Every structure is written in C-alpha cells, then in structure tokens.
Amino acid sequence: MIDVGSAVEFTDPHIGRVVVPAADLQCRVRELGEAITADYAKRPPLLVGVLKGACFFLSDLARAIRLPIEMDFMAVSSYGSATHTSGVVRIVKDLDADLTDRHVIIVEDIVDSGLTLSYLRRNLAARHPASLEVVALLVKEGLQSAELDLAYVGFRIPPEFVIGYGLDAAERYRNLPFVAAYVEGVPPGTTTTLEQP
C-alpha cells in the first residue's frame, strides 16, 4: 500500500476536499482483507476486479487476503467521459475465467445508483458460480433505489463525484492516494494547493 507520509501536496483546482484520507483507506482495506480471509478460509475466492476504477483497491485488497486467491478482470462502462452515468451499461472487456462452481467476489470501486452492479450480478450469476458476493470500497448514500445486499463495504460517502485511489475524471486523478471531491467548472489558470493530512 502507498505510504504517503504525514502530508502530501497536490496543486490542482479540480481536487476538492478530501473525502477519505489515504491512511483511512489503507486501514479499511486491511480490515476487509481480514474479513474475507475469515469468511473464505476453506474456499479461496476468485476476485473479479471491475476496471479501471477498482485497480488500486483490488491490488491492495488482494495483498490483504491471506488465502491463495485468483484474480480476473472485467471492464464495463456506464459513464463514458462524463461525470454522470449514462444509464446504459456495456461490457468493454469480459472475463477469461470460467465461473462455474467458483466462489466469486466482485471487487467494485464505487456504487452510485447500483445500475452497473445490478447488471454485473445478473451477468455473472448466469455463469453458475457456487457463490457470488460483492466488496465495494465506496457506496454513495441515498442514490440506490433498492437495497443492494453488499457483503463488504469500505465507506459510505455523500452523493458527490469523487476522484483518487483508482477513481477518475476523464481518465485523470486515478493516482491520488486518497479519495477527494471533484470540483467542476474551475476557470483556466486557477491553482489551489491541497494538503492531505
């Protein structure tokens, strides 16, 4: 996991307030790894990472799980380059693994409306896994029309567009070691300095 020290400065007007600090992310990912290790002790799971957003989370989570896990990746899109979901989900990259009789955990970076996740669950359940659960790093509060039954949740956050730790805005900011609010409509040439605690 990333050790960011006591303070890291970023100068970019689109990076707003820190929603989840780097230290909190690292601590919670370790806790999720421990929980999955305990729950799947006799049935090592296949982790299905949802690209690109879950790449950092999946990498850190996998190292926190003390089991001989396997990993595979899917890429789906419901955003395009916008900051609001289009409402249409499409598979950009499918899995290589056969899920038949496997214990599968979908690794999601963030759950907004739940549309993408519901689509993924239906799609993967049709492939006859022995079990299918979800670990979501972030869940935006108040946006889901129905209970999503998530086995593992990292953080519940306000319903705002966020960046960092794999989450992007037009493919930028994934490399931030924390999760921050994204500031739209900043005039060109504006600079701000964010100090991360």
Side-chain angles (χ1 to χ4, degrees), residues 1 20 25-26 28-80 85-157 159 162-168 174 179:
M1 293 185 198
V20 186
L25 284 168
Q26 293 176 32
R28 185 62 182 136
V29 171
R30 280 192 298 271
E31 292 171 352
L32 292 170
E34 290 168 4
I36 291 170
T37 299
D39 293 347
Y40 286 82
K42 296 184 178 178
R43 48 181 184 140
L46 168 66
L47 302 183
V48 173
V50 182
L51 297 173
K52 300 177 187 173
C55 60
F56 289 85
F57 177 38
L58 174 65
S59 177
D60 289 343
L61 179 66
R63 289 183 293 221
I65 297 172
R66 302 298 178 215
L67 297 169
I69 59 162
E70 293 180 51
M71 293 186 286
D72 203 348
F73 302 91
M74 277 187 97
V76 297
S77 176
S78 65
Y79 276 89
T85 181
S86 66
V88 177
V89 180
R90 64 186 180 92
I91 294 177
V92 179
K93 181 214 175 295
D94 207 343
L95 297 174
D96 296 320
D98 180 0
L99 302 189
T100 305
D101 297 327
R102 303 291 304 274
H103 296 285
V104 178
I105 302 176
I106 300 171
V107 181
E108 264 282 28
D109 54 347
I110 190 165
V111 177
D112 292 314
S113 66
L115 173 71
T116 301
L117 182 57
S118 295
Y119 172 83
L120 274 178
R121 277 185 132 148
R122 286 192 308 273
N123 186 292
L124 299 187
R127 304 181 195 199
H128 309 292
S131 66
L132 181 62
E133 297 292 351
V134 177
V135 54
L137 177 65
L138 305 171
V139 176
K140 290 187 183 180
E141 294 185 316
L143 296 183
Q144 300 83 38
S145 57
E147 185 60 42
L148 295 175
D149 187 28
L150 305 174
Y152 310 95
V153 174
F155 300 91
R156 296 188 182 274
I157 64 170
V162 291
I163 53 175
Y165 198 63
L167 298 156
D168 74 301
R174 293 189 194 276
V179 174

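All values reported here derive from a predicted model rather than from experimental measurement.
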Taking all atoms of both residues into account, what is the closest heavy-atom pair of [X] and [Y], and its distance?
{"X": "Ala136", "Y": "Phe57", "value": "C-CE2, 4.2 Å"}
{"X": "Glu108", "Y": "Thr116", "value": "OE2-CG2, 4.2 Å"}
{"X": "Pro44", "Y": "Pro68", "value": "CB-O, 3.7 Å"}
{"X": "Ala125", "Y": "Leu132", "value": "N-CD2, 3.8 Å"}
{"X": "Tyr165", "Y": "Leu25", "value": "CG-CD1, 3.8 Å"}

> With Arg90, which residues qualify under salt bridge (charged side-chain N to carboxylate O under 4.0 Å, His left out), at least two apart?
Replying inline: none

Are [X] and [Y] packed together at the side-chain level, in the sense that at least one heavy-atom pair is separated by less than 4.5 angstrom?
{"X": "Leu124", "Y": "Pro129", "answer": "no"}
{"X": "Arg43", "Y": "Ser131", "answer": "yes"}
{"X": "Asp109", "Y": "Val50", "answer": "no"}
{"X": "Val20", "Y": "Ile157", "answer": "yes"}
{"X": "Tyr40", "Y": "Ile69", "answer": "no"}
{"X": "Val179", "Y": "Ile110", "answer": "no"}

Roughly how far apart are [X] [atom1] and [Y] [atom2], rounded to 0.5 Å?
{"X": "Leu51", "Y": "Phe73", "atom1": "CG", "atom2": "CZ", "value": "6.0 Å"}
{"X": "Arg127", "Y": "Asp101", "atom1": "CZ", "atom2": "CG", "value": "15.0 Å"}
{"X": "Leu137", "Y": "Leu167", "atom1": "CG", "atom2": "CG", "value": "7.5 Å"}
{"X": "Asp39", "Y": "Ile105", "atom1": "CG", "atom2": "CD1", "value": "8.0 Å"}
{"X": "Arg121", "Y": "Glu133", "atom1": "CZ", "atom2": "CD", "value": "6.5 Å"}
{"X": "Leu120", "Y": "Leu115", "atom1": "CG", "atom2": "CG", "value": "10.0 Å"}

>> Using the side chain to side chain donor-acceptor pair (under 3.5 Å) criterion, which residues pair with Asp72? Sequence neighbours excluded.
In response: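 So Asp72 forms no side chain to side chain donor-acceptor pair (under 3.5 Å) with any residue.
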
> Does Arg28 use its side chain to pair, donor to acceptor, with the backbone of Val153 at less than 3.5 Å?
Replying inline: yes

>> When you measure from the side chain of Ser59 to the backbone of Cys55, do you find a donor-acceptor pair of N or O atoms at a distance under 3.5 Å?
In response: no

>> Apply side-chain contact (heavy atoms from CB on, under 4.5 Å) to residues Asn123 and Ile91 and explain how you reach the verdict.
In response: CA-CA 10 Å; Asn123 186 292; Ile91 294 177; 3.5 Å; yes

>> For Val135, run the side chain to side chain contact (heavy atoms under 4.5 Å, CB included) check against Leu61, Val29, Leu47 and tell me which one passes.
In response: Leu61

> Could you walk me through whether Asp94 and Met74 pass the side-chain contact (heavy atoms from CB on, under 4.5 Å) check?
Replying inline: CA-CA 5 Å; Asp94 207 343; Met74 277 187 97; 3.6 Å; yes

> Can you name the residues that form a side chain to side chain contact (heavy atoms under 4.5 Å, CB included) with Arg174, not counting sequence neighbours?
Replying inline: Lys52, Phe56, Asp168, Glu171

>> Testing the 3.5 Å rule here: is there a donor-acceptor pair between the side chains of His128 and Thr100?
In response: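 No, no side-chain donor-acceptor pair sits under 3.5 Å.
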
